[in-house]
Protein chains: 2
Amino acid sequence: MAPKSRAENRAEQTRAILDRARAQLAEVGPAALSVRQIARDVGMVSSAVYRYFPSRDELLTALIIETYDELGDAVEAAESSVADRADLAARFAAICHAIRDWARANPHEYALLYGSPVPGYVAPDDTVTPAIRVSGAFLALAQAAEHAGVSTITTTPVSPAEKAALVPIQEFLDGPVDAAHLVRWLMAWSTVFGHTSLELFGHMHRGILDYDAHFRQVSGQLAADLGLTS
Amino acid sequence: MAPKSRAENRAEQTRAILDRARAQLAEVGPAALSVRQIARDVGMVSSAVYRYFPSRDELLTALIIETYDELGDAVEAAESSVADRADLAARFAAICHAIRDWARANPHEYALLYGSPVPGYVAPDDTVTPAIRVSGAFLALAQAAEHAGVSTITTTPVSPAEKAALVPIQEFLDGPVDAAHLVRWLMAWSTVFGHTSLELFGHMHRGILDYDAHFRQVSGQLAADLGLTS
DNA sequence: CCAAAAGCAAGAGCACTGCTCTCGAATGTG
DNA sequence: CACATTCGAGAGCAGTGCTCTTGCTTTTGG
């Protein structure tokens, strides 16, 4: 048996805790996640876990980061798997469906990211980088559309206040995007997550029979609104 | 001192518990709501509360119902306060802003209704009637628009699967609404709640400076999409 | 090379939770 | 009046997050 160095051991234990925590998250959800249970699962006593994570919230934060990255991977993979890069509608549909598919496959994880924030919890800066990957996918596509000369269906003038409100996003982008177009893309973002949350949290339960068909319809109409459909 | 009958006393205690529970909900949120703390606040011992509510979840369910009704009241009041009943755009804006304003004023309550469902919790039938009041407001307006001959901006054909998926909603309505129009109204519903959740749960934090301006822009564009803007 | 320092697991313990059970006392009903 | 039901209080169980102390092991510095 190769004796493990202290650093190696620490890395292994940290991973073991995180892995069990993720498994428990998927099983019982974030609210019921128990430090003591995780400790039992990895063969530790509960107080030992606090050597690796100072609190349950910090552990949850680590899970949030990992989970954002997992969703980010799924979305980016789906988007980049579209062979015809000029087919912006296909790339948009890939993003939309990747988000919803991932959410349906990982409901507790989705709830952790996009459900009610844990009380008194404020996202630390560590979480922001992975968190913006999925909105970044939308914005990157918005930029590609802008570059391709695509125009969204827009019938409402953009107020000066709104133009000012969007400054941080414009700065995030490489090149400027027409404010009216940007509004449409942000609306699509809200619609996709709104639909996913309403569906997953049971608010469509008595209204819509076929969630798949409805989401296909919605994302199709969104693509049309964004001017991506020929 | 007039001696209280058993039924009177029970009603009073039930209300006292509910009132304290709602106060605590607003203060610390649904996850941190404590039966024991409520008991202390109303001058009871914790086990006595279980004479009135069989479990914490049942108490939460009662709160959910009351809260749905409160939001329903707010939305319906805002909608019906629009003097010019023919101004569908104004009525739509009233609904949208009532939802978001209520959510911002009652973030914990909004999280209880539209955030992650409590683990293992499935909405009992008691909650569905108050729950559909707000979506009902959208649908009633959709019907009014249909009756007025308003056409939404729709550029995507409605698939047969989608038409079938919408049957429960069509049955809920008094008269038929064109499926393409209905899709738009459901999209607006998703967008409003999506925006509100994303805003309230902190996902727009680093992107948008002026939430009010942005939401005004979004709801304005939604009204245009619905054909309500002349 | 060996002593001091730091890292770590274990256990006990605190304050809290939801919930159950039993026990008297008050209230209702035949 | 007697019986039955309802209710509040208290004790207690099993669980939680978290802290502190106690030894042991690994790492580090003179």
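Sequence lines set the chain letters: A, B, ... in the order given, protein chains first and strands last, and positions in each chain run from 1. Hydrogens, waters and symmetry mates play no part in the numbers below; they use all other heavy atoms, side chains included.
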Q: Determine, for Glu199(A) against Arg104(A), whether the closest basic-nitrogen to carboxylate-oxygen distance falls under 4.0 angstrom.
A: yes
Q. What is the nucleic acid contact for Phe53(B), judged by heavy atoms within less than 4.0 Å: base, sugar-phosphate only, or nothing?
A. nothing
Q.
Over all strands shown, is Leu33(B) touching base, sugar-phosphate only, or nothing at heavy-atom distances under 4.0 angstrom?
A. sugar-phosphate
**Q.** Under 4.0 angstrom between Tyr52(A) side-chain N/O and dA9(C) OP1 or OP2
**A.** yes
Q.
Looking only at side-chain N and O atoms, does Arg40(A) offer a donor or acceptor that is under 3.5 Å from a partner on Gln37(A)?
A. yes
Q. Could you give the CZ-to-P distance, from Arg56(A) to dG15(D), as a whole number of Å?
A. 17 Å
Q | Nucleotide nearest Arg40(A) (side chain, heavy atoms from C-beta), chosen from dA11(D), dT16(D), dA12(C) | A | dT16(D)
Q. Where do Tyr110(B) and Ala103(B) come nearest, in terms of heavy atoms and distance?
A. CD1-CB, 3.5 Å
(Q) Less than 4.0 angstrom between a side-chain N/O of Arg36(A) and OP1 or OP2 of dG11(C), yes or no? (A) no
Q: Check the distance between dG18(C)'s P and Met44(B)'s CE and give it to me in whole angstrom.
A: 15 Å
Q. So what does Val35(B) hit on the nucleic acid, given a heavy-atom distance under 4.0 Å: a base, only sugar-phosphate, or nothing?
A. sugar-phosphate
Q.
Under a 3.5 Å distance rule, please check whether Asn9(A) uses its side chain to pair with a backbone N or O of Ser5(A) as donor and acceptor.
A. no
Q. Looking for any heavy atom pair under 4.0 Å, which part of the strands does Ser34(A) touch: base, sugar-phosphate only, or nothing?
A. sugar-phosphate
Q) Given dG8(D), is OP1 or OP2 found less than 4.0 Å from the side-chain N or O atoms of Tyr50(B)? A) no
Q: Considering only NZ, NE, NH1 and NH2 on the basic side and carboxylate oxygens on the acidic side, decide whether Asp225(A) and Arg184(B) come within less than 4.0 Å.
A: yes
Q) What about Ser47(A), does its side chain sit under 3.5 Å from the base of dG11(C) through a donor-acceptor pair? A) yes
Q. Is any side-chain N or O of Arg6(A) under 3.5 Å from a base N or O of dT27(D), one able to act as donor and the other as acceptor?
A. no
(Q) Measure CD/Gln37(B) against P/dT17(C) and give the value in whole Å, please. (A) 7 Å
Q) Can a side chain N or O of Arg10(B) be found less than 4.0 Å away from OP1 or OP2 on dC7(D)? A) yes
Q) Ser55(B) near the nucleic acid: base, sugar-phosphate alone, or nothing, with a heavy-atom cut-off under 4.0 Å? A) sugar-phosphate
(Q) Between the base of dG7(C) and the side chain of Arg51(A), is one N or O donor paired with an acceptor at under 3.5 angstrom? (A) no
Q) Any side-chain N or O of Gln13(B) less than 4.0 Å from the OP1 or OP2 oxygen of dC7(D)? A) no
